[in-house]
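Just below is one structure, and these are the notes that go with it.
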Amino acid sequence: MVKSMNRPFNFILLNSHLNHRHPLFPISRIHFSVLRFVTFLLVVYTMQAPKGIASPVPISWYPTLSVLMLAIGLVITASFFIYEATSSRRNRSLAKELFTGAVASIFLGFGSLFLLLSCGIYV
């Protein structure tokens, strides 16, 4: 019996060891070879080379973005600390604290990322 591990369309020739055509799939060995070659060509020519991974941000912008985002993050962090130090416990708002902390965290995180990228540490 023909092993059909790596060959496409071998299901057509299940009874090829009997040297006659299968009653449900009347195809000869020559036609099967042509069919297999055409299938190979279709697979090879439809495959595309994988595209390289590219940064959506130009590399020359990394230092500028790191300084800008770290500065914004530090200003927001400073305003958070000033808000915590100057407001009384009764006047504080949990939503305002969480929002300010989240925005500062996002800016400081992306600023740190771009700082590492501009230094050549690709994370």
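The chain is numbered in sequence order, starting from 1. These numbers were taken from a predicted model, which means no experiment stands behind them.
The heavy-atom pair separating T100 from S79 by the smallest distance is CG2-OG, 4.3 Å. Heavy atoms only, all atoms of each residue included: P63 and S118 are closest at N-CB, 3.8 Å.
Residues F110 and W61 fall within the same hydrophobic cluster, defined by Ile, Leu, Val, Met, Phe, Trp and Tyr side chains chained together at heavy-atom separations under 4.5 Å. Using a 4.5 Å cut-off between side-chain heavy atoms of Ile, Leu, Val, Met, Phe, Trp and Tyr, with links allowed through other members, I59 and V57 fall into the same hydrophobic cluster. Linking Ile, Leu, Val, Met, Phe, Trp and Tyr residues whenever their side-chain heavy atoms come within less than 4.5 Å leaves I82 and V75 in two separate clusters. V123 and M69 fall within the same hydrophobic cluster, defined by Ile, Leu, Val, Met, Phe, Trp and Tyr side-chain heavy atoms under 4.5 Å apart, directly or through other members. L68 and L74 fall into different hydrophobic clusters, where Ile, Leu, Val, Met, Phe, Trp and Tyr residues are linked whenever their side-chain heavy atoms come under 4.5 Å apart, directly or through other members.
With rounding to the nearest 0.5 Å, the separation of CG in L70 from CG in L65 is 10.5 Å. Distance CG/L98 to CZ/F80: 8.0 Å, rounded to 0.5 Å. Put simply, CG on N91 and OG1 on T86 are 10.0 Å apart, with the number rounded to the nearest 0.5 Å.
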>> Please evaluate residues Y83 and S93 with respect to the criterion side-chain contact (heavy atoms from CB on, under 4.5 Å), reporting the C-alpha separation (whole Å), side-chain torsions for both, the decisive distance (0.1 Å), and the verdict.
In response: CA-CA 10 Å; Y83 175 75; S93 169; 4.0 Å; yes

>> As a quick check of understanding, evaluate side-chain contact (heavy atoms from CB on, under 4.5 Å) for F107 and I76, giving each step before the final call.
In response: CA-CA 9 Å; F107 275 105; I76 295 173; 4.0 Å; yes

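Between the side chain of T77 and the backbone N or O of G73 there is at least one donor-acceptor pair closer than 3.5 Å.
Here salt bridge (Lys or Arg N to Asp or Glu O under 4.0 Å) pairs that include residues 91-105, with residues two or more places apart or in two chains, are E84-R92.
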